[in-house]
Amino acid sequence: MVDINLPEYPTEEFFALIPEQRAKINKLMSEGIITSYTLSEDRLKLWVMVNANTETEVMDVLASFPMLKFMRFQIHSLMFHQAIAFRFPAISLN
């Protein structure tokens with residue numbers, strides 16, 4: 001898991017990179033590399049679950065983020081991450 005701090009006072013450059021960042025995250029999620037991407041309500045923190053075997057692999061993923069220069073982060077190795085899966089409701093034959 002990557003715990004990311006975002007700037008308290010973002011610049012125009014920061015805002016201009018948002019579409020590129022979102023596109024990159026969507027691509028990494030579709031590839032199964034990122035499994036969750038969560039932004040705090042105050043927009044100062046991100047939590048990113050990265051599917052990787054080593055910290056070096058996580059760093060490679062982070063290096064591909066367009067907004068990396070605006071991020072301060074800590075990588076936390078996890079034993080496991082359990083979450084409820086999003087799925088379609090059960091089908092009723094009634």
Side-chain angles (χ1 to χ4, degrees):
M1 181 182 81
V2 184
D3 182 353
I4 299 172
N5 292 307
L6 298 172
E8 190 172 352
Y9 303 103
T11 64
E12 293 279 332
E13 182 184 5
F14 176 90
F15 288 116
L17 290 171
I18 290 174
E20 190 178 343
Q21 177 76 15
R22 291 187 59 150
K24 184 63 176 183
I25 295 303
N26 289 340
K27 180 179 184 298
L28 292 169
M29 290 185 90
S30 72
E31 294 171 354
I33 296 169
I34 288 180
T35 58
S36 69
Y37 187 79
T38 306
L39 178 64
S40 65
E41 185 176 13
D42 63 8
R43 298 183 176 129
L44 295 176
K45 293 283 282 189
L46 278 171
W47 296 276
V48 183
M49 297 300 295
V50 180
N51 190 11
N53 293 315
T54 66
E55 189 170 315
T56 301
E57 288 179 11
V58 176
M59 291 295 294
D60 290 343
V61 171
L62 295 173
S64 74
F65 285 11
M67 300 177 107
L68 181 64
K69 73 178 184 178
F70 296 102
M71 300 174 169
R72 290 177 297 129
F73 60 86
Q74 288 187 304
I75 298 170
H76 304 277
S77 296
L78 303 179
M79 181 63 68
F80 66 89
H81 172 70
Q82 185 172 345
I84 192 164
F86 291 101
R87 57 182 176 208
F88 292 106
I91 297 174
S92 172
L93 300 176
N94 293 348

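In terms of hydrophobic clustering, with Ile, Leu, Val, Met, Phe, Trp and Tyr side chains grouped at heavy-atom distances under 4.5 Å, Met49 and Met67 are assigned to different clusters. Both Phe15 and Phe65 are assigned to one and the same hydrophobic cluster, defined by single-linkage of ILVMFWY side chains at heavy-atom distances under 4.5 Å. In the hydrophobic clustering of this structure, Ile4 does not group with Met1; members are Ile, Leu, Val, Met, Phe, Trp, Tyr whose side-chain heavy atoms approach within less than 4.5 Å, directly or through other members.
The shortest distance between side-chain heavy atoms of Val48 and Phe73 does not fall below 4.5 Å. Here the side chains of Leu46 and Met71 are in contact, with some heavy-atom distance below 4.5 Å. Contact annotation: the side chain of Met59 approaches that of Ile75 to within less than 4.5 Å [non-hydrogen atoms, C-beta and beyond].
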>> Using side chain to side chain contact (heavy atoms under 4.5 Å, CB included), reason through Asp3 and Trp47 one step at a time and then give a plain yes or no.
In response: CA-CA 5 Å; Asp3 182 353; Trp47 296 276; 3.8 Å; yes

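We find the CG-NZ distance between Leu6 and Lys45 to be 9.0 Å, quoted to the nearest 0.5 Å. Of the inter-residue distances, the one linking Leu39 atom CG with Arg43 atom CZ reads 7.0 Å to the nearest 0.5 angstrom. The CG atom of Asp60 sits 7.5 Å away from the OG1 atom of Thr54 when rounded to the nearest 0.5 Å. Rounding to the nearest 0.5 angstrom, the gap separating the OH atom in Tyr37 from the CD atom in Gln21 is 4.0 Å. Interatomic distance, Asn53 CG to Ser77 OG, rounded to the nearest 0.5 Å: 11.0 Å. Atoms OG1 and CG, on Thr35 and Leu28 in that order, are 11.0 Å from each other to the nearest 0.5 Å.
A donor-acceptor pair under 3.5 Å is absent between the side-chain atoms of Glu20 and the main chain of Pro66, judged by distance alone.
For the pair Pro7 and Leu44, the tightest heavy-atom approach, listed with the atom from each and the gap, is O-CD2, 3.6 Å.
Tyr9 forms part of no hydrophobic cluster, judged by ILVMFWY side-chain heavy-atom separations under 4.5 Å.
Between Glu31 and Lys27 there is a salt bridge, since at least one side-chain N of the basic residue sits less than 4.0 Å from a carboxylate O of the acidic one.
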